[in-house]
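One-based numbering, in listed order, for ligands and for the atoms of each. Worth saying up front: this structure is predicted, and the values here are computed from it rather than measured.
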Amino acid sequence: MSAVVVACDLDRTLIYSAAALRLGGDDEQAPAMTVAEVFEGEPVSFWTRDAEEMIGDLVEAAWFVPTTTRTRKQYARVRFPEPGPRYAVTSNGGHILVDGEPCADWTATVHARLGECAPLAEVVEHLRVVAEQPWVRKHRVAEDLFTYLVVHRDLLPPTFVDDLTAWCAARGWTVSLQGRKVYCVPAPLTKSAAVAEVAQRVGADLTFAAGDSLLDADLLVAADRAFRPAHGELHEAGWQTPHLTVTRRAGVAGGEEIVARLLAAVRAQAAASGARGAAGVPGATVDAVAGS
Ligand SMILES: [Mg+2]
């Protein structure tokens with residue numbers, strides 16, 4: 001049986017805050033957009049109307065797995081077209097949700113792996129030292145798994161992220177700067193491990209992935225095909241890996257391009273499987289690619 005998992009990051013890959021849209025200067029050329037998330041009564045995240053429609057197609061054509069560093073609560077605010085994805089990975093791989101409910105056995109596995117690096121409390125305490133600085137807006141601990149600062153990006157001291165990265169690396173932790181957030185995440189807590197678990201559970205033999213930040217790098221490397229937008233942390237670093245496609249466009253239009261490319265890749269895979277099936281390769285059929 002042939003099936004594909006499509007693991008897709010959310011923020012600045014699939015959905016975009018107003019500040020991240022990059023609509024360009026011509027209002028009449030701006031794409032039609034819909035609201036993907038409401039927070040405290042305000043629309044805060046968007047995708048293009050075409051992207052939203054294609055996500056519905058992806059859910060039908062593959063195992064579409066939103067794969068995010070968001071906590072479960074933050075993830076629950078994102079409104080996918082009905083019926084929505086069956087599986088999701090949240091908390092940077094800390095939770096696998098099935099129909100919105102976390103898998104307890106996966107959570108236990110993750111917590112066991114966190115013994116390989118410095119404890120959360122040590123990193124939280126390290127960040128607490130800067131928490132009162134004028135460039136720090138908030139200091140948060142996410143689901144007892146990792147910690148992050150919300151900062152005024154333009155006031156961020158120039159060496160802060162590099163210094164923090166070195167300090168964390170010595171303790172088995174990873175640092176990622178995304179928009180206004182500086183994340184400190186245990187190195188064993190990865191999106192790729194959780195997505196591999198989902199792929200095994202659904203019997204998928206291929207994984208396609210998309211993401212824009214350092215916390216997506218392991219996911220993109222592990223995938224059979226990978227996509228990233230022409231903006232964000234990885235783009236600014238000129239990050240590459242074999243089998244990676246970078247979008248032509250940036251901002252919310254780049255997000256739409258990623259969804260279109262993922263859908264095309266799934267359909268091409270289905271067609272190829274169908275052709276091989278017709279040629280007598282056992283188990284490879286177009287129907288089998290429809291995962292949900
Ligand atoms: Mg992202």
Original post:
Is any protein N, O or S atom closer than 2.8 Å to the Mg ion (ligand 1), and if so, which?
Top reply: Asp9 OD2, Asp11 O, Asp212 OD1
Original post:
Got a sec, which residues hit salt bridge (charged side-chain N to carboxylate O under 4.0 Å, His left out) with Arg261, two or more places apart in sequence or on another chain?
Top reply: Glu257
**OP:** Identify, with sequence neighbours excluded, every residue that meets salt bridge (charged side-chain N to carboxylate O under 4.0 Å, His left out) alongside Glu52.
**Re:** none
**OP:** Each residue besides Phe160 in its hydrophobic cluster should be listed here, by chain and number; the cluster joins Ile, Leu, Val, Met, Phe, Trp and Tyr at side-chain heavy-atom distances under 4.5 Å.
**Re:** Leu127, Val130, Trp135, Val136, Leu149, Val151, Leu155, Leu156, Val161, Leu164, Val175, Leu177, Val182
**OP:** Give the minimum heavy-atom separation between Cys168 and Val123, together with the two atoms involved.
**Re:** SG-CG1, 4.4 Å
Original post:
Roughly how far, to the nearest 0.5 Å, is CG of Leu14 from CG of Leu10?
Top reply: 6.0 Å
Original post:
Any cation-pi pair here, Arg49 with Trp47, using under 6.0 Å and within 45°?
Top reply: no
